[in-house]
Each structure stands twice: as C-alpha cells, then as structure tokens.
Amino acid sequence: MHEAPHSSTSDFDPAYLAAGTDPSGHNALPAAGGVSSAHPPRGHRVLLRRNSVSAKKCLAAFILTFTVLLVAAQVTHLLRLWPAQPVATWAVLPPAGSDDYLAYSLGGIEDQMIYHGFLGIPKYLKRADVLFVGNSHMQFGWPRQTLEPFFAARHMHFYNMAFGYVETSAFPLAIIKKYNLHPKWIIINVEPFFSNKPSGMAEVTMDDTMFDAFKFRLETAGSFYGDRYLHRVVPTLAQQFPPGDEVYFRSIHDGSVWLAAAADIHWHPTPVTTPWRACIPAALKFKAAMDRRNIRMIFTHSPVTTDTAARGLSVALGGVPVVDASSLPNLYTFDGSHLEHASAVRFSQSFLNHLAPVIDGVK
Amino acid sequence: MSFISWAFFLLMLPVLAARLTLGRKRTEPLYFAFIMLASTVFVCWYIPIYICIMLVSIGVDYVAARLIWGSPANSPWRGVYLFASLATNLLLLSFFKYANFFLGPVRHLLAIALPHAPTIPVLAIALPMGISFYTFGSMSYTIDVYRGRMQPVQHFGGFYFFLTFFPHMVAGPIIRAEQFFYQVWRRRRLHLRVFNEGAYQIIRGLFLKMVLADHIGHAVEGAWPTTAAQALSAPSPQLLLLAVLFGAQIFCDFEGYTSIARGLAYWLGFRFPLNFNNPYLAGSFSNFWERWHITLSTWLRDYLYIPLGGNRKSRVRTYANLLVVMVLGGLWHGAAGTFVVWGCVHGLALAGERLLGLNGKHGWRRFVIVALPWYLVTQIIVLLTWVLFRSDTIDVATGMVVRILHWTDGPIVAPLAWASLALLPVVVMHLHGFLVEHRLLRPIGRMPQAVMAAVLLMAVLTLYARSTAFIYFRF
C-alpha cells in the first residue's frame with residue numbers, strides 16, 4: 001500500500017529536532033504507515049524553519065481571538081440574542097447551610113445516593129419512624145414544610161424515600177432489607193406501586209457497585225455545576241436540544257425534595273385510574289415482608305390518580321388503612337403531573353389531618 | 001474513563017503538573033512513575049479488577065519476548081514462546097469478546113440435538129476496556145522481537161508503561177513497541193510550540209466529538225430502524241441521509257478521539273502516528289484503508305496479510321488473503337454477524353478492485369474518466385457498508401439497503417435535517433485536504449491554526465451536545 005501525502009503541518013513536532021536516537025539502534029520507526037522516522041528528513045527541517053512563526057505569537061493570537069469571541073458572546077447575550085440557557089444556569093440552589101444534595105439533573109442520582117448509602121443517609125433511614133415510599137408524585141406532593149412540624153410534634157422522624165422513574169415496590173423493599181430498616185409506619189403512594197420488577201434505573205443502581213455509583217455521581221454533579229458556571233460566562237446554543245429538564249435536590253436527613261428548576265405550566269390535573277389487579281401478588285409479598293418487620297402500612301395516592309387502586313389493594317391485603325386527601329379543589333401541577341409547591345402544601349396538610357387519627361390511634 | 005468526563009479532567013490536572021515539574025531530564029524516572037500511576041488509575045477506573053487481565057497479557061508477553069531474544073536463532077523454542085504469547089492474547093480477546101458469539105450457534109445446535117439438556121447460559125461478561133487495542137499492541141511487540149526488528153524491553157516497568165500509557169489505551173491508535181520505546185530515551189523539552197500543537201489537536205478532537213459526532217449521534221439514534229419492518233417502511237431519502245450521517249458520525253467520533261489522544265501524548269512528550277487522513281477522499285478501496293484507521297490497517301498488513309503471503313503468491317491466493325484479513329478485521333470490531341459481513345464486503349471489494357486493476361494510482365485510475373467513477377463507486381459502497389456497521393442485525397441492514405436501492409420518496413424527520421448541518425465542517429475538512437494533497441493550497445500555517453483553535457474552542461463551549469460514549473470504546 002502506498003502512502004497518501006499528509007494534509008497538514010500538524011504532524012511536525014519541533015521537539016523532534018532535538019531527538020536523540022535510541023541506544024540500541026534497533027528501535028527505528030518504519031518508513032511507511034504514516035509515521036515519520038526518529039530523524040525527520042532534511043526537507044522537514046527546512047520546511048519548519050520557513051514556517052517558524054513564534055509560538056508566543058500563536059498563543060497570543062489564540063488568546064486574543066478567544067477573548068474577542070467571548071466578549072461578542074457576552075454582548076449578544078446581554079442583548080438577549082441567545083435562546084434561554086440551560087436549567088443548570090438558572091436553577092435556584094438550596095440555601096447555604098442546608099444539607100441538600102443534587103438528586104436529579106438530566107437524570108437521577110438519588111437512587112444511587114440512597115441505595116449505596118452515600119453521605120450517611122442510612123443513619124437517617126434507620127432512625128425514621130415513618131417512611132414515605134412511592135413514585136415522583138410522592139416526592140413533590142408531601143413537602144417538608146408540613147411533614148416536619150407534624151412529626152416533630154409526635155416526636156417522630158420521617159423519611160421521604162420516594163423515587164422517580166415510576167418506581168415500584170421492589171426497589172424500596174431492597175433498601176429496607178439492605179439497611180434492615182424497622183420504621184413504625186410505611187406510607188405508600190399506591191399508583192399502583194406494587195411490582196416485583198424494579199424500574200430500569202433501580203435495576204442499574206442495584207447492579208452497580210459503590211464505585212460505579214460514585215463515578216455516576218461525580219459525572220452528574222460535575223456536569224450540573226460545570227454547566228452552571230460555564231454558561232454564565234459562555235452562553236450556549238445547543239443545550240436546548242433536548243429541552244431543559246427539571247433539577248431538584250434532596251435532603252440528607254429526611255429525603256425531602258427541593259425543586260431547583262422546573263417547567264411552569266400551572267395545570268389542574270384530571271385524575272386517572274391506574275390498573276391494579278395484576279399487582280396483588282407483589283402487594284401481598286410486600287405486606288408479608290412488612291409484617292415480618294412489624295411495619296404498619298398506610299395507603300394513599302396523589303391527586304393525579306383516583307383512589308381506585310389504593311382502595312382495591314387495601315381490600316385485597318385485608319384492610320390496610322387508606323388516607324385520602326385528594327378531594328381538595330384547585331390543586332395544580334407544575335408540569336401536568338407533579339403538584340406545585342403551594343398546592344402540595346395544602347394537599348399534604350389535608351393528608352396529615354386525615355392521617356393523625358390513624359397514627360395517633362395506634363402508637 | 002472517557003476523555004470527555006470530569007474524572008479525566010481531574011486526572012489530567014496532576015498529570016500536567018507532573019509534566020511541568022517532574023518532566024525534566026533529571027527527574028524523568030519520577031515523571032514516568034507518575035504517568036504509570038495515572039495510567040493505572042485510568043485503567044482501573046472502569047472495573048478495577050480488570051487490571052489483572054491486563055497484567056496477565058503484559059506479564060506473558062514480557063517474559064515471552066525475553067525468552068525469545070535469549071534463545072538461539074534456530075531454536076524451536078522461539079516459536080513456542082511466540083505461540084504462547086499470541087495464544088494468551090487471543091484467548092483473552094476471544095473469551096471476553098467472542099464467547100457469547102461462538103456459544104450462540106453451539107447453544108442452538110444443542111437445543112436441536114439435545115432438547116431436554118440444560119441450555120448453556122449467556123455469559124454476562126463486561127468487555128475489558130481497550131482489550132482489542134492493547135492486545136494488538138502487545139502481540140506486535142513479541143512478533144517484532146521474534147523477527148529481530150527490536151530488542152525486548154529490559155524492565156517490566158517499561159513494558160507496563162508502554163501498554164498502559166493512557167492516551168492510547170482505550171481506542172488507539174494502535175501503537176507498536178518500536179514506534180514508542182525509542183521515544184522514551186529521547187530528550188523531552190518543554191516547548192511552547194509543542195504545547196500549542198497539542199492544544200490544537202485536543203481542541204480539534206473535542207470539536208469533532210462533542211459538537212459534530214454527538215449531535216449527529218443523537219439524531220441518528222432516534223431515527224435508525226431497529227427492525228427490518230421499520231427499515232422497509234422508512235422513506236428512502238431518510239435512510240440515505242441516516243447512512244451519510246452515520247458515516248460522518250463515526251469519522252468525527254473516532255478521529256476526534258484520536259486527535260485528543262495525539263494532543264495529550266504530545267503534551268506528555270510522546271508522538272502518536274496519524275490514524276485518519278481524510279478517508280472520504282479515497283479514490284479506491286485500498287486507498288480507503290490507507291486513510292481509515294491507518295494503525296489497524298497497517299497492523300493487519302504487517303502481521304496478517306504479509307505472513308499469509310500478501311500479494312506474492314498466486315492471484316487467487318492474494319484475493320483469499322485480502323478476504324481473510326478483512327473478515328478478521330471486521331470481527332475485530334465486534335462479535336456480531338454485521339461486522340463479519342462488513343469485513344467480508346470490504347474484502348470482496350479489495351479483491352474485486354485488484355482483479356479489475358483499479359487498486360493502484362498508476363493503473364487504469366490514472367485516467368480521470370476511470371478514476372472519478374471509481375471514486376464514486378468506492379464511496380457509495382463504503383457508505384452502504386456503514387449501514388451494516390451501525391445496524392443491530394443483518395436483517396435491518398439489508399432492509400435499509402434494499403429500501404435505499406428501491407428508491408421511494410418521502411419526508412425526512414426534522415432532527416435529521418438539522419443534524420445534516422454538521423456535515424458541513426466534515427465536507428470543508430475533506431475539501432481542504434483535497435486541495436492541499438493536490439498542492440492547490442498550502443497546508444494551514446501555525447497562526448491561522450491558532451486562530452482556528454480559538455474558534456473551535458468557542459464552538460465547543462457554545463455548541464456541545466450531551467455526550468454519548470465513543471463508538472470505538474465498545475471494541
């Protein structure tokens with residue numbers, strides 16, 4: 001095979017002009033294959049002298065050009081000629097001093113953080129008297145603002161262990177077993193929740209090692225903070241595809257969600273009925289596991305679903321208490337599915353009012 | 001560990017600091033030790049225990065090379081030691097890469113012959129990072145020692161340093177020992193020009209990967225048919241654009257990686273060979289393989305094609321050698337029928353081209369009236385074989401090719417249309433290469449290169465897409 005000529009000067013390495021030969025003399029490079037020999041032929045040396053622009057001038061040209069482009073980008077950004085910047089740049093971070101960690105940014109790392117026990121989370125899981133489990137509706141529908149005073153008044157600790165990706169019972173059950181949790185109560189967002197198969201994200205999380213989880217967290221957090229600070233200096237055009245996603249943090253000590261950025265749709269949902277009969281075997285298995293640990297179950301649901309699944313499974317499991325606060329009017333979601341904060345506060349307060357007799361009646 | 005990751009960025013900070021401080025003549029042993037440590041971290045980042053696999057390969061080849069060199073020239077033991085080295089590397093590669101591929105037909109046959117016997121389970125094996133690349137680099141070392149082209153490395157650490165040197169670890173270029181070791185002994189000055197050149201290569205690679213390849217990749221991923229039925233029902237213009245876009249994506253992805261690798265190696269005081277040379281300017285299939293993945297094609301030429309006889313036996317033997325080499329080259333890319341067929345098509349194309357006398361520039365192709373159509377034939381077939389490369393199954397690939405050839409008009413989805421904007425830099429790059437090769441334009445000077453680096457860096461920061469994994473990582 002003959003050699004095609006090179007098309008750029010990038011193959012010339014000035015350091016090679018000072019290259020020595022190897023002591024043995026055997027390790028000379030072959031002439032073919034796109035690789036030049038240990039001693040560049042004379043023509044290369046001559047070409048380099050003719051083309052020898054000062055390296056300092058080249059570096060200066062690079063810096064000058066980049067600076068001009070950067071200033072132009074900033075000026076055009078100030079003139080609002082750029083599209084909206086990525087969510088990371090305008091996400092509202094939790095207040096300084098809070099114990100919130102980045103849980104979701106273009107993908108969730110909360111599963112890894114909780115399952116693999118980063119940041120001392122297992123300590124708080126173990127001390128929790130009440131566990132909230134379910135999907136992302138539970139993450140946003142039961143805020144700390146209402147839960148904390150309610151449980152503090154009863155000298156109880158709670159932990160919001162709900163997960164996104166339409167999580168099922170298999171994953172929280174795995175966590176309960178892994179950390180040998182024994183809360184007094186477990187409040188379940190039945191939509192319908194029960195399944196022996198975890199979500200895809202949870203499956204990956206459980207297959208990963210702690211080192212894999214660490215790497216995932218490093219890259220996700222790096223991308224978030226990298227985007228945030230980079231794009232306040234250099235606007236971006238491309239991050240609109242795909243469109244901006246939500247960003248939220250979670251508390252280490254109680255799992256509560258801090259929504260840093262999200263869509264702003266303000267939409268009143270029409271509750272949907274979710275199929276539940278096929279979940280009975282998984283629900284029975286879950287209940288058996290709870291009974292072995294003396295954990296009492298309470299069913300509930302968010303306003304985006306009807307109470308059909310919760311009540312049907314309650315009967316199938318022999319009468320699990322159902323706390324239903326979804327009849328409140330004028331509840332709104334921020335994205336069509338998850339309650340806005342104001343609606344979540346009202347909804348969860350109503351929920352706790354209905355919960356109090358159940359919890360206070362059995363202590 | 002990917003070059004486009006925060007972990008790699010954090011790793012490079014101390015490595016660059018070491019280059020600036022320890023990377024001087026008096027402290028070079030410390031510098032090499034530091035690079036070895038960084039390379040070990042790089043290798044262990046994926047699955048830590050897999051360093052053991054690499055150590056097996058390194059250990060066996062180090063010892064084998066020393067034994068080969070120490071044996072008399074006519075001793076049969078030289079062949080035994082070489083066989084042990086090659087067998088170890090090929091067994092490792094075969095197990096991790098091809099176990100399930102070869103077990104598949106065995107499983108199928110057993111199911112027919114012994115329907116009640118328990119089935120052989122599918123092995124859930126994670127492929128060690130870079131195994132296809134470092135085993136080839138390692139085998140070339142023992143073969144070159146056997147052939148007397150080079151002496152074996154005296155110290156185990158030196159050989160370890162060569163194979164684990166992280167810029168080329170994961171996706172090449174495939175560096176041969178004789179291309180690397182002489183560089184260890186030469187002086188390694190801290191030139192600003194070397195920094196500039198390395199920075200340009202890295203920025204260029206980031207642009208190719210993060211701006212072009214990733215944007216195209218997202219669009220292609222969303223539109224590529226996953227079943228034969230989808231392929232046969234999609235509009236022909238869309239499928240053709242998909243093939244073109246994938247051709248651009250794989251080029252930008254792999255050339256981007258190589259460019260970053262070369263730039264990093266430059267900074268650390270080592271020089272890697274070119275791996276791509278405007279492959280879509282190739283006027284023939286043989287010229288394509290002189291421009292595409294050059295280090296692999298030259299490796300296959302030197303260690304497989306020539307030992308099989310090359311073109312020095314009969315014509316039929318030459319064609320057979322080409323076919324065998326390209327089928328094995330296809331298999332190197334992955335354990336799937338699509339890669340085997342891809343290699344087979346390239347092998348047949350090389351053989352057919354040779355039969356027609358179109359492989360050399362001084363044959364029929366010296367006439368423009370022949371060269372131009374053959375250029376088009378070459379590029380069209382290369383384009384269609386990329387369909388095989390990308391598709392999950394041969395059925396899907398066949399469906400796509402059939403649909404393209406039996407042209408049926410239809411719309412192109414918007415993401416693909418937008419992604420085709422990324423073709424423009426690839427076209428400009430190749431056009432520039434064409435003009436320089438034919439001496440119609442001077443190669444880009446250092447000052448314009450510096451300005452272009454600034455523009456490319458700005459483009460990376462403003463246009464980068466969410467990163468996808470490097471395509472060649474899975475090989």
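Lettering follows sequence order; numbering is per chain, from 1.
Rounding to the nearest 0.5 Å gives a distance of 6.0 Å between CG of B:Leu10 and CG of A:Leu218. With rounding to the nearest 0.5 Å, the separation of NE2 in A:His231 from CG in B:Leu461 is 7.5 Å. Interatomic distance, OG1 of A:Thr67 versus CE of B:Met458, reported as 10.0 Å (0.5 Å rounding). Expressed to the nearest 0.5 Å, how far CZ of A:Phe62 lies from OH of B:Tyr200 amounts to 12.0 Å. Rounded to the nearest 0.5 Å, atoms CE (B:Met447) and OG1 (A:Thr65) are 9.0 Å apart.
Counted within 6.0 Å of CG on B:Leu440, heavy atoms from surrounding residues, nucleotides or ligands total more than 12; the atom is thus considered enclosed. In B:Phe9, the CZ atom is not crowded: 12 or fewer heavy atoms of neighbouring residues, nucleotides or ligands sit closer than 6.0 Å. At most 12 heavy atoms of other shown residues, nucleotides or ligands fall within 6.0 angstrom of atom NZ in A:Lys56.
Shown here for B:Tyr46 and A:Asp212, the closest heavy-atom pair between the two residues is O-OD1, 4.2 Å. The shortest non-hydrogen separation linking B:Asn196 to A:Cys58 is ND2-CB, 3.9 Å. Annotation for B:Val451 and A:Ala61: closest pair CG2-CB, 4.4 Å, computed over non-hydrogen atoms.
Counting only distance, with no hydrogens or angles, the side chain of A:Glu219 and the backbone of B:Ser5 share no donor-acceptor pair below 3.5 Å. With B:Thr462 contributing its side chain and A:Thr236 its backbone, the two residues share no donor-acceptor pair below 3.5 Å. No side-chain donor-acceptor contact under 3.5 Å links A:Lys215 to the backbone of B:Met1.
With a 4.5 angstrom heavy-atom cutoff, A:Ser223 touches chain B via backbone and side-chain atoms both. For A:Leu70, the parts lying under 4.5 angstrom from a heavy atom of chain B are both the backbone and the side chain. For a residue to count as touching a neighbouring chain, one of its non-hydrogen atoms must lie under 4.5 Å from one of that chain's; by this rule A:Leu69 touches chain B with backbone and side chain alike. Only the side chain of A:Phe214 has a heavy atom closer than 4.5 Å to any heavy atom of chain B. Heavy-atom distances place no part of B:Val184 under 4.5 Å from chain A, backbone and side chain included.
Applying the side chain to side chain donor-acceptor pair (under 3.5 Å) rule to pairs touching residues 106-117 of chain A yields A:Glu110-A:Gln139, A:Glu110-A:Tyr248, A:Glu110-A:Arg250, A:Gln112-A:Asp208, sequence neighbours excluded.
Side-chain contact, A:Asp227 with B:Tyr464: a donor N or O sits under 3.5 Å from an acceptor N or O.
With sequence neighbours excluded, no residue forms a side chain to side chain donor-acceptor pair (under 3.5 Å) with B:His168.
Looking at A:Leu59 and B:Phe195, their side chains come closer than 4.5 Å, going by heavy atoms from C-beta outward.
Interface check for chain B: of the options A:Pro235, A:Ala55, A:Ala73, A:Ala60, the most heavy-atom pairs under 4.5 Å are formed by A:Ala55.
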